[in-house]
Amino acid sequence: MDDGSWTKSTCPYCGVGCGIEARPTAKGLLEIRGDKSHPSNYGKLCSKGIALGETVIQDGRARYPLFRSQTKVATNRNEIANQTHVDTISDWETITEHVATQFTRTIDQYGPDSVAFYVSGQLLTEDYYVANKLMKGFIGSGNIDSNSRLCMASSVVGHKRAFGSDTVPICYDDLEQAELVIITGSNLAWCHPVLFQRLRLAKQQNPAMNIVVIDPRETATCEIADLHLALNSGSDVALFNGLLAYLYTHQSLNYDYIDAYTDGFDAALKMANTEKNTQEITGLDLEKLERFYTLFAKTEKVVTVYSQGVNQSSQGSDKVNAILNCHLATGKIGKPGAGPFSVTGQPNAMGGREVGGLANTLASHMEFYNPQHQSLIQDYWQTSQLATKPGLKAIELFDAIESGKIKAVWIIATNPVVSLPDSQKIQAALRQCPFVVVSDCIQDTETTQFADVILPSQGWSEKSGTVTNSERRISRQRRLLPSPGLAKPDWWVMSQVAKKMGFASAFNYLHEGQIFSEYATMTTLGNDAGQRDLNLIGLTSLDDKGYSRLSPQQWPVTERQSEIVNQRLFSDNQFFTPNKRAQFIAVRHQAPKSSPSVDLPLILNSGRARDHWHTMSRTGLSTSLASHSPEPYVTVHPDTAQRFGVKHGHIASINNNQTAIQARVHCSTAMTPNQLFMPIHWNNSTASNGKPCSLIEPNSDVNSGQPEFKHTPVSLSAWPQRCEALLFSQHALNLSNIDYWAQQKVADGYLYRIASQQNPMQLIVALTDYMHIEGEKTLSVDGSDASLGFRQAHLTSQSLHCAFVVKTTLSELDIDWFMTLLSEANSEALEEHFMKA
Ligand SMILES: Nc1nc2c(c(=O)[nH]1)N[C@H]1C(S)=C(S)[C@@H](COP(=O)(O)OP(=O)(O)OC[C@H]3O[C@@H](n4cnc5c(=O)[nH]c(N)nc54)[C@H](O)[C@@H]3O)O[C@H]1N2
Ligand SMILES: Nc1nc2c(c(=O)[nH]1)N[C@H]1C(S)=C(S)[C@@H](COP(=O)(O)OP(=O)(O)OC[C@H]3O[C@@H](n4cnc5c(=O)[nH]c(N)nc54)[C@H](O)[C@@H]3O)O[C@H]1N2
Ligand code: SF4
Ligand SMILES: [Mo]
């Protein structure tokens with residue numbers, strides 16, 4: 001919808017799903033502001049949303065369909081082979097024909113379960129719908145799983161077990177209406193910043209509101225907390241079972257609610273009561289536990305926000321049910337200001353779950369095990385090939401690739417070599433997979449290294465469709481800019497392949513609005529009496545204009561919403577189980593799969609930094625975002641640093657039996673002495689070796705298949721650095737022969753923070769190799785003055801091409817000096833600054 005020159009769209013980062021308004025700038029970038037009319041953010045944006053305009057530059061984009069010929073060598077899985085490849089530019093007709101033929105041949109020879117799609121919560125609903133329809137409906141296999149497996153799968157299991165459906169009951173308004181907000185396993189301040197801002201404001205306006213943060217770390221979210229429970233990693237089930245037992249002994253249960261609307265309470269309570277040693281398991285003292293339990297017991301309006309500290313655990317789904325049990329036992333659900341609130345990570349984590357993009361669900365909240373659902377979908381899609389059983393979940397799926405059961409895989413909008421546990425295993429699997437297709441906006445990611453075919457996708461600002469946020473609100477993402485080269489929408493590419501596989505009539509889409517319409521109608525099948533939560537009947541008759549102008553709609557949508565709607569589910573206390581009653585699940589604390597040992601005495605926790613998004617393919621392009629945390633770091637308690645001989649600001653190695661990785665040490669008492677924290681963002685595209693998933697074992701929750709990303713036993717040691725350097729280049733460099741480096745986007749180029757175990761002379765020689773000196777003026781300082789270090793710069797009259805400084809140790813002053821060098825406007829000023837101490 002246009003408002004003058006501004007176009008409304010949605011932020012492509014987190015599941016808050018903020019509305020933005022954008023307009024092109026003269027330089028081809030975008031000016032961005034918050035959309036005041038969007039009911040999820042009312043005009044607010046966080047640092048990432050504000051900086052979106054800087055990220056639409058075209059660095060590194062995949063522009064043309066490519067055939068990549070690999071030199072595949074059978075390798076030992078622990079060996080990181082140097083993959084070499086040759087790229088050949090193709091066209092869409094040829095390449096989609098090739099993909100179709102390879103998939104068809106594989107299916108003909110080995111059956112439908114020999115192929116798989118691995119997709120993403122960063123796809124639009126329309127893309128996701130087509131992917132799911134092609135795999136489950138026409139290829140006839142359940143083998144389509146998503147990076148949502150790494151993100152939301154435990155919540156999905158928890159919801160389905162308790163409610164009979166994957167339902168997030170609350171709306172954002174509930175956060176503001178609550179009197180107690182519990183935030184557990186979520187760094188809301190950094191990961192859902194606009195919700196955090198809304199909550200902070202609500203607390204200012206209502207000082208009686210209490211906020212409890214439950215996290216082993218003291219995070220930025222604790223800034224607004226009245227109480228922080230730094231529980232032992234993995235002990236949430238014990239904490240919430242303790243709460244249930246407390247509610248029972250303190251007569252704080254709602255028996256009317258339990259009796260009228262739920263089943264299974266006695267068993268859940270009995271199990272909770274068997275857990276006597278809450279203090280020991282959680283590591284929390286009695287006083288803190290009682291403060292928390294009393295607050296829950298005495299407050300009517302309680303919202304419990306939870307995220308990856310809960311989901312990403314070998315007991316993730318039990319953690320979720322332990323929380324849901326407490327809400328059900330007190331009837332604190334389905335009422336204004338009350339309910340459990342699983343905040344979704346990715347912009348369209350919800351949309352993916354809605355269309356059915358997980359291997360163990362069928363489509364549109366319809367299930368494999370339900371014969372009526374099977375036949376409804378079969379008729380609707382007019383197919384005789386509908387998959388009849390769930391497919392493989394992410395980790396299993398890559399195991400099946402490694403063992404050769406899956407012989408062709410299409411990876412879309414995700415980077416599994418970085419984001420799945422045991423990166424070495426994922427690499428080994430892809431290396432020996434006969435046919436790997438990768439659709440991405442970026443040409444060279446760690447995963448495209450293994451592709452036989454690279455398909456260039458439109459990115460945010462170019463693509464068009466819908467996403468659903470954490471409060472079930474569907475918003476439009478709109479096309480704002482042209483796409484580079486031949487990049488195409490993912491739904492279009494998949495439809496081309498589907499047609500060439502012989503499914504033309506089912507994939508004849510001309511535009512994304514048609515797909516949305518087909519999906520909306522699907523949600524209504526067999527759903528006239530509200531049998532399922534997800535129902536978009538009010539959007540089934542949207543015409544092209546209606547779709548193009550669609551304002552945010554919160555599901556269920558019985559009638560198209562023209563005003564802001566804030567609805568919550570379960571206010572009628574009716575659930576989606578066969579008898580309409582919510583189910584308690586009896587759960588018991590279990591220790592994480594791997595425990596610390598003498599050799600690996602510390603626990604590695606991993607998660608997010610404020611201003612980066614995942615593998616940094618977008619945030620890594622913004623200078624303002626890059627400066628908040630410019631390189632991979634490991635946060636260490638000062639006592640632990642001392643114990644392991646590592647120093648604040650130096651490089652450390654974090655290792656286990658799998659491998660060792662490096663990051664800069666950041667000492668902080670926000671950590672407990674037994675834990676380390678590392679951000680997930682840096683990978684081999686942006687740093688030498690700082691990827692937590694290289695260390696993480698593929699342990700997962702048996703019910704959800706979600707990996708245990710937050711609990712890896714490791715050890716820590718100093719990395720014997722002998723010198724450091726800063727290097728600037730106008731172009732991104734491949735520094736593969738430097739031992740430690742991290743890349744940071746700066747104005748007009750890239751800055752590299754470097755450390756080396758070699759002596760300074762050796763590093764200088766290596767860095768000089770990266771300098772392009774033809775026709776440029778060279779400045780240098782030879783290092784005889786130790787306070788200046790060894791310096792080199794290459795410039796033309798217009799700009800600085802590249803520069804570096806090497807010293808034994810770089811101080812903050814050296815970094816400031818280098819940054820000023822980069823910002824000098826003309827060569828005279830630059831030359832003058834170059835010689836300064
Ligand atoms: N800036 C930024 N924001 C993002 C993203 C991003 O990449 N960058 N990604 C988005 C996505 S996809 C997701 S899934 C979300 C994730 O959002 P969050 O879940 O909030 O983020 P994380 O940092 O992964 O982990 C949350 C917290 O769980 C804590 N934790 C670890 N172990 C335990 C435990 O055993 N129990 C408890 N209670 N807590 C524990 C960690 O210390 C951490 O502070 O963020 C979304 N928003
Ligand atoms: N150690 C550890 N590992 C984790 C986590 C953790 O907390 N700790 N968290 C997990 C979680 S919750 C998540 S969600 C994952 C995220 O992990 P990934 O999904 O692997 O990370 P992204 O960088 O978001 O990858 C998205 C890719 O899709 C591309 N892309 C963006 N938009 C489009 C599009 O429209 N079409 C196509 N085809 N491509 C597109 C981007 O360029 C990028 O390469 O990481 C998981 N891994
Ligand atoms: S809170 Fe999330 S959706 Fe909103 S602007 Fe920030 S990153 Fe984007
Ligand atoms: Mo996520």
Side-chain angles (χ1 to χ4, degrees), residues 10-20 32 34 38 40-41 44-52 60-62 118-124 127 146-153 188 190-198 307-309 311-312 344-349 394 411-421 423 438-448 455-460 462-463 465 467 469-470 477 487-490 493 604-608 611-620 678-681 683 685 691-696 706-710 712:
T10 312
C11 174
Y13 295 117
C14 80
V16 178
C18 295
I20 59 121
I32 303 284
H38 197 290
S40 299
N41 61 313
K44 292 188 170 67
L45 292 178
C46 74
S47 51
K48 291 187 295 303
I50 290 166
L52 267 171
R61 279 299 295 270
Y118 183 58
V119 300
S120 161
Q122 289 169 79
L123 289 175
L124 300 174
D127 300 322
S146 160
N147 64 2
S148 281
R149 181 70 56 200
L150 320 179
C151 185
M152 304 314 306
L188 205 70
W190 283 10
C191 297
H192 298 89
V194 165
L195 277 186
F196 182 77
Q197 289 175 32
R198 285 182 66 167
S307 185
Q308 302 315 340
N311 292 334
Q312 289 174 342
T344 53
Q346 302 182 83
N348 203 26
I411 298 167
I412 312 177
T414 177
N415 192 348
V417 175
V418 181
S419 54
L420 272 168
S423 316
V438 181
S439 291
D440 206 292
C441 320
I442 299 293
Q443 179 167 313
D444 287 310
T445 70
E446 282 205 47
T447 298
T448 61
L455 303 175
S457 301
Q458 289 182 343
W460 179 83
E462 298 152 19
K463 58 186 186 175
V467 288
N469 72 6
S470 295
Q477 272 193 15
K488 285 284 187 189
D490 293 302
V493 180
L604 177 67
N605 177 2
S606 63
R608 284 140 178 92
D611 286 355
H612 275 306
W613 177 263
H614 296 174
T615 68
M616 299 166 68
S617 55
R618 190 175 292 121
T619 49
M678 279 189 76
I680 59 174
H681 310 294
N683 55 82
S685 312
K691 188 172 60 177
C693 279
S694 303
L695 297 173
I696 292 171
Q706 185 154 353
E708 187 143 68
F709 282 124
K710 306 266 189 262
T712 304

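Side-chain atoms are counted along with the backbone in the values below, which use heavy atoms only and exclude waters and symmetry mates. Atoms within each ligand, like the ligands themselves, are counted from 1 in listed order.
Here is the list of ligand 2 atoms found below 4.0 Å of a heavy atom in Gln122: 19 (O), 22 (P), 24 (O), 26 (C). Listed by atom number, the atoms of ligand 3 under 4.0 Å from Gly17 heavy atoms are 3 (S). Against a heavy-atom cut-off of under 4.0 Å, Tyr13 is close to the following atoms of ligand 3: 7 (S). Counting the atoms of ligand 3 from 1 in the order shown, those under 4.0 Å from a heavy atom of Lys48 are 7 (S). Of all the atoms in ligand 2, the ones that sit under 4.0 Å from a non-hydrogen atom of Ile442 are 42 (O). Ligand-side atoms of ligand 2 in range of Cys151: 12 (S), 14 (S), range being under 4.0 angstrom from any heavy atom. The Leu45 neighbourhood of ligand 3 comprises atoms 5 (S), with distances under 4.0 Å to a heavy atom of that residue. Taking a cut-off of under 4.0 Å to the non-hydrogen atoms of Val194, the atoms of ligand 3 that pass are 1 (S), 4 (Fe). The ligand atoms of ligand 2 that sit less than 4.0 angstrom from a heavy atom of Asn415 are 18 (P), 20 (O), 25 (O). Proximity to Gln346 (heavy-atom distance under 4.0 Å) selects the following atoms of ligand 2: 14 (S). Residue-ligand proximity, Thr615 to ligand 2, at heavy-atom distances under 4.0 Å covers atoms 21 (O), 22 (P), 23 (O). Interface of Lys463 with ligand 2, defined as ligand atoms under 4.0 Å from a residue heavy atom, comprises 34 (C), 35 (O). Applying the 4.0 Å criterion to heavy atoms of Ile412 picks out, from ligand 2, the atoms 38 (N).
Only the side chain of Ile680 comes within contact range of ligand 2, with a heavy atom under 4.0 Å; no backbone atom does. Using a 4.0 Å cut-off between heavy atoms, Ser457 contacts ligand 2 through its side chain alone, with no backbone atom that close. For Ile696, every heavy-atom contact with ligand 2 shorter than 4.0 Å involves the side chain, none the backbone. Under 4.0 angstrom from ligand 2, there are no non-hydrogen atoms of Leu455. The proximity of Gln458 to ligand 2, defined as any non-hydrogen pair under 4.0 Å, is limited to the backbone.
Under a 4.0 angstrom heavy-atom cut-off, Asn41 registers as lying outside contact with ligand 3. Put simply, no part of Val418 is less than 4.0 Å from ligand 2, judged by heavy atoms. A heavy-atom separation below 4.0 Å is not found between Ser120 and ligand 2. Heavy-atom distances between Met678 and ligand 2 stay at or above 4.0 Å for every pair. Using 4.0 Å as the threshold, Trp613 has a heavy atom nearer than that to some atom of ligand 2. For Gly459, the heavy-atom gap to ligand 2 stays at 4.0 angstrom or more.
With respect to atom 36 (N) of ligand 2, the closest heavy atom belonging to the protein is Asp490 OD2, 2.7 Å. Nearest protein neighbour of atom 32 (N) of ligand 2, counting heavy atoms only, is Cys441 SG, 3.8 Å. Here the heavy atom of the protein found nearest to atom 19 (O) of ligand 2 is Asn147 ND2, 2.7 Å. The nearest protein atom to atom 10 (C) of ligand 2, hydrogens excluded, is given as Gln312 NE2, 3.5 Å; this is a heavy-atom distance. In terms of protein heavy atoms, atom 4 (Fe) of ligand 3 is closest to Cys18 SG, 2.3 Å. In terms of protein heavy-atom proximity, atom 8 (Fe) of ligand 3 is closest to Cys11 SG, 2.3 Å. Of the protein's non-hydrogen atoms, the one nearest atom 16 (C) of ligand 2 is His614 ND1, 3.3 Å. The nearest heavy-atom contact from the protein to atom 29 (C) of ligand 2 is Asp440 OD1, 3.2 Å. Protein heavy atom nearest atom 47 (N) of ligand 2, with residue, atom name and distance: Ser419 O, 2.9 Å. What sits closest to atom 6 (Fe) of ligand 3 on the protein, heavy atoms only, is Cys46 SG, 2.3 Å. Nearest non-hydrogen protein atom to atom 8 (N) of ligand 2 is Ser606 OG, 2.9 Å.
Any N or O atom pair closer than 3.5 Å counts here, and Thr414 shares at least one such pair with ligand 2.
Residues Asp490 and Ser457 approach most closely at OD1-OG, 2.7 Å, considering heavy atoms.
The backbone N or O of Gly17 lies less than 3.5 Å from no partner atom in the side chain of Thr10, so there is not a single donor-acceptor pair. The backbone N or O of Pro347 sits nowhere less than 3.5 Å from a side-chain atom of Gln122 that would complete a donor-acceptor pair. In this structure a side-chain-to-backbone donor-acceptor pair under 3.5 Å is missing from Gln312 to Lys710. Side chain of Asp127 to backbone of Pro489: no donor-acceptor contact under 3.5 angstrom is found. Between the side chain of Lys691 and the backbone N or O of Ile680, no donor-acceptor pair lies under 3.5 Å. Here the side chain of Asn311 pairs no donor or acceptor atom with the backbone of Met152 at under 3.5 angstrom. With hydrogens and angles disregarded, no donor-acceptor distance shorter than 3.5 Å links the side chain of Trp613 to the backbone of Cys14. The closest donor-acceptor contact from the side chain of Ser470 to the backbone of Gly15 lies under 3.5 Å. Side-chain atoms of Arg198 never come within 3.5 Å of backbone atoms of Pro193 as a donor-acceptor pair (strictly under, hydrogens ignored). With Ser439 contributing its side chain and Ile412 its backbone, the two residues share no donor-acceptor pair below 3.5 Å.
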- request: Evaluate side chain to side chain contact (heavy atoms under 4.5 Å, CB included) for Ser419 paired with Asn147, printing each intermediate quantity in order.
  value: CA-CA 8 Å; Ser419 54; Asn147 64 2; 5.5 Å; no
- prompt: Is there a side chain to side chain contact (heavy atoms under 4.5 Å, CB included) between Gln308 and Phe709 once you walk through the steps?
  reply: CA-CA 9 Å; Gln308 302 315 340; Phe709 282 124; over 6 Å; no
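For atom 2 (Fe) of ligand 3, the set of nearby N, O or S atoms under 2.8 Å includes one belonging to Cys14.
In this structure, of Lys488, Arg608, Gln443, the residue bringing a heavy atom nearest to atom 11 (C) of ligand 2 is Arg608. One option in Phe709, Trp460, Tyr118 has a heavy atom closer to atom 3 (N) of ligand 2 than any other, and that option is Phe709.
In this structure, the separation between CG on Leu45 and CD1 on Ile50 is 5.5 Å, given to the nearest 0.5 Å.
Within the cation-pi definition used here (under 6.0 Å to the ring centroid, within 45° of the axis), Arg149 does not qualify as a partner of Tyr118.
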